[in-house]
Amino acid sequence: IMDSLTSEDKKLHRLGLKAIDIIIEVAQKLGVSMDNLCQSEFGNIGKKLCHACYQADWRFRAGACRGISHLCSKMPHSWIIHYQIQFIQG
């Protein structure tokens with residue numbers, strides 16, 4: 001996901017965002033609660049996106065911002081509040 005979000009190819013950006021959507025969709029169909037999903041997989045993705053904000057290459061920073069923005073539009077408010085300080089610092 002990170003490779004596609006940080007790519008120079010805009011088609012890959014959309015694929016990375018679509019991958020996030022598919023993970024959420026499949027988890028919901030399998031009956032995984034959003035709280036469990038947020039604490040496990042998306043907690044790791046959120047941390048990696050924050051870390052990418054500190055990279056020297058602009059592609060990593062732009063991709064991280066794109067991913068954080070997309071996650072904030074999909075995740076519950078409790079998840080956003082939990083990571084808000086890290087997102088702001090990034």
Side-chain angles (χ1 to χ4, degrees):
I1 292 174
M2 284 299 297
D3 288 340
S4 64
L5 290 175
T6 59
S7 173
E8 291 182 18
D9 186 356
K10 290 185 180 185
K11 291 178 184 176
L12 289 177
H13 298 169
R14 287 191 295 271
L15 289 175
L17 298 176
K18 184 67 176 171
I20 291 170
D21 292 340
I22 289 171
I23 292 169
I24 294 169
E25 185 179 317
V26 168
Q28 288 175 337
K29 286 183 180 180
L30 292 174
V32 176
S33 73
M34 281 302 284
D35 289 334
N36 289 339
L37 185 63
C38 291
Q39 290 175 0
S40 60
E41 188 60 35
F42 286 105
N44 293 331
I45 291 173
K47 289 176 186 176
K48 288 182 186 225
L49 289 170
C50 289
H51 180 69
C53 290
Y54 294 101
Q55 299 294 321
D57 191 350
W58 68 269
R59 292 180 303 119
F60 286 96
R61 292 182 294 205
C65 290
R66 191 177 302 112
I68 289 169
S69 174
H70 189 71
L71 283 176
C72 286
S73 71
K74 301 289 182 177
M75 295 288 107
H77 292 316
S78 60
W79 184 86
I80 297 167
I81 290 168
H82 181 75
Y83 287 99
Q84 72 181 349
I85 299 297
Q86 292 174 338
F87 291 157
I88 291 168
Q89 289 174 341

Colleague: Between Ile68 and Ile80, is there shared hydrophobic-cluster membership here, with clusters defined by ILVMFWY side-chain heavy atoms closer than 4.5 Å?
Modeller: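 Yes, because Ile68 and Ile80 connect within a single hydrophobic cluster, where side-chain heavy atoms sit under 4.5 Å apart.
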Colleague: Please report the interatomic distance CZ(Phe60) to NE2(His51), rounded to the nearest 0.5 Å.
Modeller: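 Between Phe60 CZ and His51 NE2, I get 9.5 Å after rounding to 0.5 Å.
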Colleague: I'd like to know if the side chain of Arg66 and the backbone of His13 have a donor-acceptor N/O pair within less than 3.5 Å.
Modeller: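 No.
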Colleague: Drop me the distance from Met2's CE to Ile45's CD1, to the nearest 0.5 angstrom.
Modeller: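 Here the interatomic distance stands at 9.5 Å.
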Colleague: Does Ser7 offer a backbone N or O that forms a donor-acceptor pair with the side chain of Arg59 under 3.5 Å?
Modeller: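 Answer holds: no.
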Colleague: For the atom pair SG (Cys65) and NE2 (His70), what is the distance rounded to the nearest 0.5 Å?
Modeller: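 Here the rounded value is 15.0 Å.
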Colleague: Okay, side chain of Ser4, backbone of Ile1: is any donor-acceptor separation there less than 3.5 Å?
Modeller: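 Looks like yes, one N/O pair under 3.5 Å.
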Colleague: Quick check for you: to the nearest 0.5 Å, what is the distance between Leu15 atom CG and Asp3 atom CG?
Modeller: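 One gets 12.5 Å once the value is rounded to the nearest 0.5 Å.
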Colleague: Per the side chain to side chain contact (heavy atoms under 4.5 Å, CB included) rule, which among Ile24, Ile22, Ile23 passes with Ile20?
Modeller: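 Testing Ile20 for a side chain to side chain contact (heavy atoms under 4.5 Å, CB included) against Ile24, Ile22, Ile23 leaves exactly one candidate, Ile24.
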Colleague: First locate atom CG of Asp57, then atom CD of Glu8, and finally report the distance between them rounded to the nearest 0.5 Å.
Modeller: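 The CG atom of Asp57 sits 8.0 Å away from the CD atom of Glu8.
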Colleague: Give the minimum heavy-atom separation between Arg61 and Cys53, together with the two atoms involved.
Modeller: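 So the minimum-distance heavy-atom pair works out to CG-O, 3.2 Å.
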Colleague: Are Leu5 and Leu12 joined in one hydrophobic group, where the rule is that I, L, V, M, F, W and Y side chains link up if heavy atoms are under 4.5 Å apart?
Modeller: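 They do not share one cluster, since no chain of ILVMFWY contacts under 4.5 Å joins Leu5 to Leu12.
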